[in-house]
K.L.:
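Before we start, here is the structure in question, set down as structure tokens.
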Amino acid sequence: QVQLVESGGGLVQAGGSLRLSCATSGRTFGTYAMGWFRQAPGTERDFVAGISASDSNTYYAASVKGRFDISTDNAKNTVYLQLNSLKTEDTAVYYCAARNRWAYSDYYAQADKYPYWGQGTQVTVSA
């Protein structure tokens with residue numbers, strides 16, 4: 001069982017930045033596929049970014065590429081999502097997800113490939 005705990009959400013003005021953190025309980029974090037998804041009210045949960053903890057390959061949704069940055073600290077079993085140049089449309093609950101098995105590159109954007117999820121953290125971007 002892998003437990004995930006997100007933190008770092010909040011209220012920020014458009015153009016500002018936030019850093020989200022996701023601490024995991026797994027002892028084999030270095031083998032995980034990690035992802036960030038987000039869900040705005042009345043919408044589906046959408047892929048934001050993914051990273052392989054073993055080789056640091058990263059994947060981004062087109063809407064955030066160049067503005068968001070995903071990274072890991074394997075010593076701390078933690079994945080981060082740096083959100084820059086925030087827009088009002090980035091407002092959502094952000095969820096961290098983990099897969100403790102091999103992941104093909106196209107798995108990272110698929111929510112159903114992640115068996116473990118955090119509770120979510122709210123990000124609100126004001127105009």
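This one's a predicted model, so the numbers in the text were calculated from it and none came from an experiment.
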K.L.:
At what distance, to the nearest 0.5 angstrom, does OH of Y80 lie from OG1 of T72?
P.N.:
9.0 Å
K.L.:
Quick check against the 3.5 Å criterion: does Q13 have a side-chain atom that pairs as donor or acceptor with the backbone of S126?
P.N.:
no
K.L.:
Grouping I, L, V, M, F, W and Y whenever their side-chain heavy atoms are under 4.5 Å apart, do Y95 and Y59 come out in a common cluster?
P.N.:
yes
K.L.:
Around Q119, counting heavy atoms of other residues, nucleotides and ligands shown, do more than 12 lie under 6.0 Å from its CD?
P.N.:
yes
K.L.:
Determine, using the 4.5 Å side-chain heavy-atom cutoff (strictly less than), whether V123 and W117 are members of one ILVMFWY cluster.
P.N.:
no
K.L.:
Do you know the tightest heavy-atom contact between A98 and Y32?
P.N.:
CB-CD2, 4.5 Å
K.L.:
Let me check something: do Y94 and Y116 share a hydrophobic cluster, defined by ILVMFWY side-chain heavy atoms less than 4.5 Å apart, either directly or through other members?
P.N.:
yes
K.L.:
Counting N and O atoms only, with roles assigned by atom type, does the side chain of T91 sit under 3.5 Å from a partner on the main chain of V125, one being a donor and the other an acceptor?
P.N.:
yes
K.L.:
Counting only heavy atoms not in E89 (residues, nucleotides, ligands), do more than 12 fall under 6.0 Å from its CD?
P.N.:
yes
K.L.:
Only counting residues at least two apart or in another chain, list the ones meeting salt bridge (charged side-chain N to carboxylate O under 4.0 Å, His left out) with R67.
P.N.:
D90
K.L.:
Could you report the tightest heavy-atom contact between L18 and L86, atom names first, then the distance?
P.N.:
N-CD1, 4.0 Å
K.L.:
Between R99 and Y114, does any side-chain donor sit less than 3.5 Å from a side-chain acceptor?
P.N.:
no
K.L.:
Report yes if the side chains of M34 and T24 come closer than 4.5 Å at any heavy-atom pair, otherwise no.
P.N.:
yes
K.L.:
Could you pull out the closest heavy-atom pair between G16 and V12, with the gap in Å?
P.N.:
CA-CG2, 3.9 Å
K.L.:
Pairs in or reaching into residues 101-112: which pass side chain to side chain donor-acceptor pair (under 3.5 Å), with residues at least two apart or in two chains?
P.N.:
Q110-K113
K.L.:
Applying side-chain contact (heavy atoms from CB on, under 4.5 Å), can you list everything that pairs with Q82, at least two apart in sequence or on another chain?
P.N.:
S17, R19, D69, N84
K.L.:
Give the minimum heavy-atom separation between A33 and A103, together with the two atoms involved.
P.N.:
CB-CB, 3.7 Å
K.L.:
Please report the shortest heavy-atom distance between V64 and V48, naming the atom on each side.
P.N.:
CG2-O, 3.4 Å
K.L.:
Please report the closest heavy-atom contact between V2 and L4, naming both atoms and the distance.
P.N.:
CG1-CD2, 3.8 Å
K.L.:
V79 versus W36: any side-chain heavy-atom pair under 4.5 Å?
P.N.:
yes
K.L.:
Can you check whether C96's main-chain N or O pairs, donor with acceptor, with E6's side chain at less than 3.5 Å?
P.N.:
yes
K.L.:
At what distance, to the nearest 0.5 angstrom, does CZ of F68 lie from CG of L20?
P.N.:
8.5 Å
K.L.:
Supply the atom-to-atom distance Y60 OH to F47 CZ, rounded to the nearest 0.5 angstrom.
P.N.:
9.0 Å
K.L.:
Does any non-hydrogen side-chain atom of R38 lie less than 4.5 Å from one of L81?
P.N.:
no
